[in-house]
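Order of appearance sets the numbers: ligands from 1, and atoms from 1 within every ligand. Just so we're clear, the structure is a prediction, and the values are computed from it rather than from any experiment.
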Amino acid sequence: MNITRRTMLVGTGAIALGAAIHTKARAAEFTYKFANNLQPAHPLNVRLQEATAKILEETGGRLQINVFPASQLGNDTETLSQLRNGATEFFSLSPLILSTLVPNAAISGIGFAFPDYETVWKAMDGELGAYSRAEIEKKGLVPMEKIWDNGFRQITSSNKPINSPEDLKGFKIRVPPSPLWQSMFTAFGSSPTTINFAEVYTALSTGIVDGQENPLAIASTSKLYEVQKHCAMTNHMWDGFWFLANKTAWETLPEDIREIVAKNLNASAVDQRADTEKLNETVREELTKNGMSFTDPDKDAFRQTLKSAGFYADWKGKFGDDAWAILEKAVGASLG
Ligand code: X2X
């Protein structure tokens with residue numbers, strides 16, 4: 001019923017759908033799109049392929065989810081609009097980019113909030129994640145329970161190594177579309193430019209910006225090492241991907257199908273977290289072979305710079321005392 005000509009012609013699902021057209025009895029009852037900004041080799045897409053195959057099988061072929069990686073359906077800002085109007089049924093998005101619609105969803109991305117992954121998963125599977133999902137639901141989107149991993153973010157540059165917060169002064173850095181990212185790099189004294197991930201490789205290769213920040217898994221799978229020379233292991237924030245559904249599309253699915261979808265997506269999210277953590281830990285060697293050089297600066301100096309610039313006080317004010325208290329409880333420390 002949701003099979004449109006466009007869905008049949010584009011993307012990775014075209015072959016499977018082609019088969020379905022010829023055997024009418026086997027045509028999926030629901031054909032949904034899932035969009036994301038990562039390359040097919042990233043653990044998120046690898047695990048998603050697995051999850052969608054299981055969903056197709058366990059629903060007896062009733063729900064086919066076609067995966068569109070690498071921003072094939074549009075950049076993140078465009079895809080968020082598509083998700084809201086139902087043109088795309090599923091989308092994975094950073095809580096910080098989502099904050100352009102759901103302001104307090106950004107709270108999990110505060111600089112240097114999480115000391116390690118153990119604290120991240122306890123928080124995101126616990127009260128902080130529940131708080132974030134409730135905020136998202138208020139805006140009419142449906143988040144799956146388990147958030148997927150992007151990772152701890154590191155700063156790369158084409159023109160100089162970053163050894164201290166001083167080196168970030170005046171640095172022309174790309175940031176994703178999100179007020180929190182703008183604010184963090186403004187607090188460092190950098191010159192941040194908002195660019196969607198779909199345009200980042202080109203922006204780096206043409207020198208529109210000199211640097212960017214992302215987990216190493218992305219520096220590797222999106223081949224940023226081809227256009228960046230240096231990498232500073234700042235771990236300046238943790239980032240994830242909420243797996244989001246359009247509300248009408250979600251509610252159109254019968255309950256038994258919704259259960260199968262949620263079960264498989266949440267299980268694959270947990271698998272993907274392990275894959276991504278491992279990749280972020282091991283890929284440094286591969287990036288070094290590909291010509292990147294690494295620095296391991298004192299992270300606390302960066303945190304102190306944010307604190308002195310009033311970054312934590314500002315964001316505590318914006319998120320509000322209640323939300324901030326949930327964050328501080330989750331990370332077991334007072335921030336700022
Ligand atoms: O845009 C980015 O840098 C990315 C890929 O990490 C996000 O989706 C936030």
Under 3.5 Å: N or O atoms of ligand 1 paired with protein N or O:
from: ligand 1; atom 1: 1 (O); to: Arg174; atom 2: NH2; distance (Å): 2.8
from: ligand 1; atom 1: 3 (O); to: Arg153; atom 2: NH2; distance (Å): 2.9
from: ligand 1; atom 1: 3 (O); to: Arg174; atom 2: NH1; distance (Å): 2.7
from: ligand 1; atom 1: 3 (O); to: Asn214; atom 2: OD1; distance (Å): 3.3
from: ligand 1; atom 1: 3 (O); to: Asn214; atom 2: ND2; distance (Å): 2.9
from: ligand 1; atom 1: 6 (O); to: Asn150; atom 2: ND2; distance (Å): 3.0
from: ligand 1; atom 1: 6 (O); to: Arg153; atom 2: NH1; distance (Å): 2.9
from: ligand 1; atom 1: 6 (O); to: Arg153; atom 2: NH2; distance (Å): 3.4
from: ligand 1; atom 1: 6 (O); to: Asn214; atom 2: OD1; distance (Å): 2.6
from: ligand 1; atom 1: 8 (O); to: Asn37; atom 2: ND2; distance (Å): 2.7

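Linking Ile, Leu, Val, Met, Phe, Trp and Tyr residues whenever their side-chain heavy atoms come within less than 4.5 Å leaves Phe152 and Phe241 in two separate clusters.
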Before you tell me yes or no, could you show the steps for Phe243 and Phe90 under ring-ring contact (aromatic ring centres under 6.0 Å, His included), namely the whole-Å CA-CA distance, both residues' side-chain angles and the distance that decides it to 0.1 Å? CA-CA 7 Å; Phe243 196 103; Phe90 295 119; 5.6 Å; yes
Would you check, one step at a time, whether the test ring-ring contact (aromatic ring centres under 6.0 Å, His included) holds for Trp121 with Tyr117? CA-CA 6 Å; Trp121 303 133; Tyr117 268 119; 5.7 Å; yes
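Between Asp296 and Arg284 there is a salt bridge, since at least one side-chain N of the basic residue sits less than 4.0 Å from a carboxylate O of the acidic one.
Side-chain contact annotation: Asp239 with Ser94, donor-acceptor N/O pair under 3.5 Å present.
Sorted by first and then second residue, the ring-ring contact (aromatic ring centres under 6.0 Å, His included) pairs with a member in residues 257-307 read Phe188-Phe302; sequence neighbours excluded.
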